[in-house]
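Have a look at the structure below, then the notes.
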Amino acid sequence: MRCDSPPGPCSGALSAADQCAGDQVQNHVLMDVEQIVGSFVVEIGVRQTWPFVGLCDNRSAPAQETRLYIDASWTIEATTSTSGGVENDIRWLTTAAALNNTTIDTAWIDEDGGLHLTTDSGLALAVSGEPEPYTTGEPWRLSRWRPV
């Protein structure tokens, strides 16, 4: 499946191996977060206990996708939640739905390791750099870019 333009048909193009958020060595990389600037949100969801945001960059040929997995507290505008649990998963899905079909305008990491994204619609997603008590990896991580 190819991403043509926001809101293109990208979704679900990541392999099963990439969807395993616990496998940081094989599928998750330290990435300059500025690489996701210009990509657009094609999916939001929950994988096991990790909320995630799927991003597509169609400026390259072929288009490519990555996922941002979250294992820390997060905010979208003035709405706050924490990862984990059914109630929080539902809150994530209903709140993060506003990110769908938006383009990432800016991305940066603060001095505490928190991730900050702003979109062309004016929404801001902030993910804490402080892991949850039950976090098995990093507070947030990106999967490898994969062609779609």
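The basis for the numbers below is simple: all heavy atoms, side chains too, and nothing from hydrogens, waters or symmetry mates.
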Side chain to side chain, [X] and [Y], heavy atoms closer than 4.5 Å:
{"X": "Trp50", "Y": "Arg141", "answer": "yes"}
{"X": "Trp92", "Y": "Ile76", "answer": "yes"}
{"X": "Leu68", "Y": "Ile70", "answer": "yes"}
{"X": "Leu125", "Y": "Thr75", "answer": "no"}
{"X": "Val127", "Y": "Tyr69", "answer": "no"}
{"X": "Glu130", "Y": "Pro139", "answer": "no"}
{"X": "Asn58", "Y": "Phe40", "answer": "yes"}
{"X": "Leu117", "Y": "Ile36", "answer": "yes"}

If you look at every heavy atom in [X] and [Y], which pair is closest and at what distance?
{"X": "Ser128", "Y": "Ala72", "answer": "O-CB, 3.5 Å"}
{"X": "Val42", "Y": "Glu65", "answer": "CG2-OE2, 3.9 Å"}
{"X": "Asp110", "Y": "His116", "answer": "OD2-NE2, 2.8 Å"}
{"X": "Ile104", "Y": "Ala107", "answer": "CG2-CB, 4.4 Å"}
{"X": "Thr66", "Y": "Ser143", "answer": "OG1-O, 2.6 Å"}
{"X": "Ser39", "Y": "Leu55", "answer": "OG-CB, 3.8 Å"}

Expected output: side-chain [X] to main-chain [Y] donor-acceptor under 3.5 Å:
{"X": "Thr103", "Y": "Gly38", "result": "no"}
{"X": "Glu132", "Y": "Ser73", "result": "yes"}
{"X": "Asp112", "Y": "Gly114", "result": "no"}

Pi-cation contact, Phe52 with Arg67 (under 6.0 Å, within 45°):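 Yes, a cation-pi geometry.
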
Could you go through the ring pair (Phe, Tyr, Trp, His ring centres under 6.0 Å) check for Trp140 and Trp74 one step at a time? CA-CA 10 Å; Trp140 59 268; Trp74 53 269; over 10 Å; no

Among Asp105, Thr106, Thr102, the one residue meeting side chain to side chain donor-acceptor pair (under 3.5 Å) with Thr118: Thr106

Can you confirm whether more than 12 heavy atoms, excluding those of Gln35, are under 6.0 Å from its CD atom? yes

Interatomic spacing from OG1 in Thr119 to CG in Asn101 - rounded to 0.5 Å: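 Between Thr119 OG1 and Asn101 CG, I get 11.0 Å after rounding to 0.5 Å.
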
Assigning hydrophobic clusters by single linkage (Ile, Leu, Val, Met, Phe, Trp, Tyr; side-chain heavy-atom cutoff under 4.5 Å), is Trp108 placed with Leu123?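 As far as the 4.5 Å side-chain criterion goes, Leu123 and Trp108 are not connected within one cluster.
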
